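Please read all numbers here as calculations on a predicted model, not as lab measurements. To find a chain, count down the sequence lines: A is the first, B the second, and so on, and within it residues start at 1. The figures that follow rest on heavy atoms only: side chains count, while hydrogens, waters and symmetry mates do not.
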2 protein chains.
Amino acid sequence: MSEHGKSTATDAVYDLLCRAIIEQSLKPGMRLPEDTVGEQFGVSRTIVRHALVRLESEGLVVSKRNRGAFVAEPTLEEARQIFEVRRCLEAEVTRLLVQRMPRTGFDALEAHVRREHGVKGKDGPVSIRLAGEFHVLMAELSGNDVLAKYVTQVVRRCSLIMAMFANSHSSDCAVDEHSQIIAAIRAGDTARAVALMEHHLGAVADRAKFDATPDTVEAILARYGRELAQ
Amino acid sequence: MSEHGKSTATDAVYDLLCRAIIEQSLKPGMRLPEDTVGEQFGVSRTIVRHALVRLESEGLVVSKRNRGAFVAEPTLEEARQIFEVRRCLEAEVTRLLVQRMPRTGFDALEAHVRREHGVKGKDGPVSIRLAGEFHVLMAELSGNDVLAKYVTQVVRRCSLIMAMFANSHSSDCAVDEHSQIIAAIRAGDTARAVALMEHHLGAVADRAKFDATPDTVEAILARYGRELAQ
DNA sequence: GCCTTCAGGATCGTATCCAATCTGCGCCAG
DNA sequence: CTGGCGCAGATTGGATACGATCCTGAAGGC
């Protein structure tokens with residue numbers, strides 16, 4: 001690698017793997033051999049290793065000792081926990097935005113909603129990514145970088161969870177709910193804004209869990225079968 | 001190296017660096033050259049680098065390109081943000097504990113408070129560590145591992161912040177406030193428990209900021225002077 | 001005298017190399 | 001025919017080697 005000093009190669013590999021996982025190109029449980037990834041991106045295993053360490057620390061991949069790295073397969077319990085944290089964090093974001101939304105904040109949010117509308121009918125990956133980015137954008141507008149970083153991580157893991165459990169991504173984040181949340185924030189109605197956000201996230205979580213209820217034998221075997229297929 | 005297969009060497013280095021930073025053996029702004037750390041622990045740069053990546057992703061160190069890694073020096077703004085997130089997360093922990101405190105939870109918490117009392121008058125490092133561990137213990141009792149992990153990270157960064165700004169660590173976490181929080185949780189009084197927790201954290205944060213107000217020239221120079229001394 | 005510039009050293013970023021470990025398959029005993 | 005054992009291949013874990021980049025500091029020109 002090493003063509004332009006823009007950024008380190010590790011970051012590039014990290015970003016690509018991140019996107020690939022979120023967009024479901026890399027499915028949960030899939031193996032990530034270091035040299036395969038490395039030669040695919042034209043970098044050495046060292047780079048891939050570092051990227052995988054970062055991804056693991058964020059919970060997107062798990063690595064078993066001397067076995068290698070795999071795309072994380074959150075259990076339902078983990079999913080529940082992650083959604084619990086997400087609801088907590090995003091409620092805080094909402095509260096903060098009612099207090100102190102930056103000048104151009106509403107414009108940015110509404111522009112994003114329009115983009116979401118634009119790809120509403122289209123395929124899942126872009127839609128799911130945009131839906132996540134809306135929440136990340138909100139977090140960034142809160143002015144709290146730490147909070148935004150955590151929201152980013154949690155949203156990513158939620159995308160992974162949706163990839164595992166939900167089957168109808170097209171309706172993941174109802175864009176209308178996004179608009180309603182914006183409206184409540186603009187109106188300065190904290191209680192309503194937070195309630196809308198929690199309902200919004202609750203709806204997403206319930207949808208995921210609902211689709212997962214088939215925890216019957218065939219569902220489990222199907223998942224293991226998918227892992228078998230590498 | 002490589003004598004006991006207990007765990008990976010990376011974890012060991014990570015833990016040691018983590019503790020060293022929290023206990024202020026490694027002071028904010030201090031350089032962490034990979035070679036130095038490596039030969040100090042008897043491991044190669046590879047290991048150190050992985051540990052540093054993890055530490056950086058948790059905000060305990062920052063690394064500048066081709067410059068190396070440094071113990072993080074949170075600004076007051078960052079400190080404010082971190083405390084904001086911490087208040088949010090720990091309020092959620094408190095709420096969860098009122099709902100579902102595990103069987104032996106109160107015993108564990110009270111045992112910890114007793115240990116805190118035991119070292120109350122003693123030196124800072126142990127006291128500050130125990131104070132942090134109390135909050136981590138609460139988070140772990142919440143049964144939400146993701147939440148507990150984030151609380152752990154935030155508490156660590158707060159310890160670092162206290163190390164920078166506060167000068168009287170002995171009274172960081174008033175042990176009595178810990179007891180009061182436990183009592184409120186036991187009584188099932190969510191509102192009071194959350195209020196106590198937020199007040200508790202607010203007090204800690206204010207104390208830190210109050211001590212930091214001398215952002216005059218000499219304070220800044222003192223900090224740089226400390227960095228100069230490596 | 002001050003600023004610019006360039007050489008030196010130090011440190012990081014990346015690649016390559018060796019050792020340890022796990023997996024998979026075949027072989028043999030029961 | 002079944003189940004355990006052992007060897008070979010593959011893959012990771014860790015260490016070392018080399019090139020790139022950046023800071024330091026001193027020498028030279030304005």
Length of the OH-P vector between B/Tyr14 and D/dG14, whole Å
17 Å
Under the ring-ring contact (aromatic ring centres under 6.0 Å, His included) rule, what pairs show up with a residue in residues 136-162 of chain A, not counting sequence neighbours?
A/Tyr150-B/Tyr150
Side-chain donor-acceptor pairs under 3.5 Å in residues 39-48 of chain A, sequence neighbours left out?
unit_1, atom_1, unit_2, atom_2, d
A/Ser44, OG, A/Thr46, N, 3.1
A/Ser44, OG, A/Thr46, OG1, 3.4
A/Arg45, NE, A/Glu34, OE1, 3.1
A/Arg45, NH2, A/Glu34, OE1, 3.2

Donor-acceptor pair, distance only, cut-off 3.5 Å: does the side chain of A/Arg100 make one with the backbone of A/Ser142?
yes
B/Arg114: partners by side chain to side chain contact (heavy atoms under 4.5 Å, CB included), with sequence neighbours left out:
B/Glu110, B/Ala111
Consecutive-pair stems (3 or more, Watson-Crick or G-U, under 3.5 Å) for DNA chain C
C:1-30 with D:1-30
Quick one: A/His50 NE2 to D/dA15 P, roughly how many Å, whole number?
12 Å
Round to a whole Å and report the spacing from CD of B/Glu39 to P of C/dA10.
13 Å
Report yes if a side-chain nitrogen or oxygen of B/Thr46 is closer than 4.0 Å to either non-bridging phosphate oxygen (OP1 or OP2) of D/dG14; otherwise report no.
no
side-chain hydrogen bond (donor to acceptor under 3.5 Å, both in side chains) against A/Thr152, all qualifying residues, sequence neighbours excluded
none
Under 3.5 Å, N/O pairs linking protein and nucleotides 10-12 of chain D:
unit_1, atom_1, unit_2, atom_2, d
D/dT11, O3', A/Arg31, NH2, 3.4
D/dT12, OP1, A/Glu34, N, 3.1

Find the distance B/Phe70:CZ to C/dT11:P and express it as a whole number of Å.
11 Å
Could you pull out all residues at least two apart from B/Arg115 that satisfy side-chain hydrogen bond (donor to acceptor under 3.5 Å, both in side chains)?
B/His112
Any salt bridge (charged side-chain N to carboxylate O under 4.0 Å, His left out) pairs touching residues 146-163 of chain B, not counting sequence neighbours?
B/Glu58-B/Arg156
What does A/Ser63 touch in the nucleic acid at a heavy-atom separation under 4.0 angstrom: a base, only the sugar-phosphate, or nothing?
nothing
With sequence neighbours excluded, tell me which residues meet side-chain hydrogen bond (donor to acceptor under 3.5 Å, both in side chains) with A/Arg19.
none
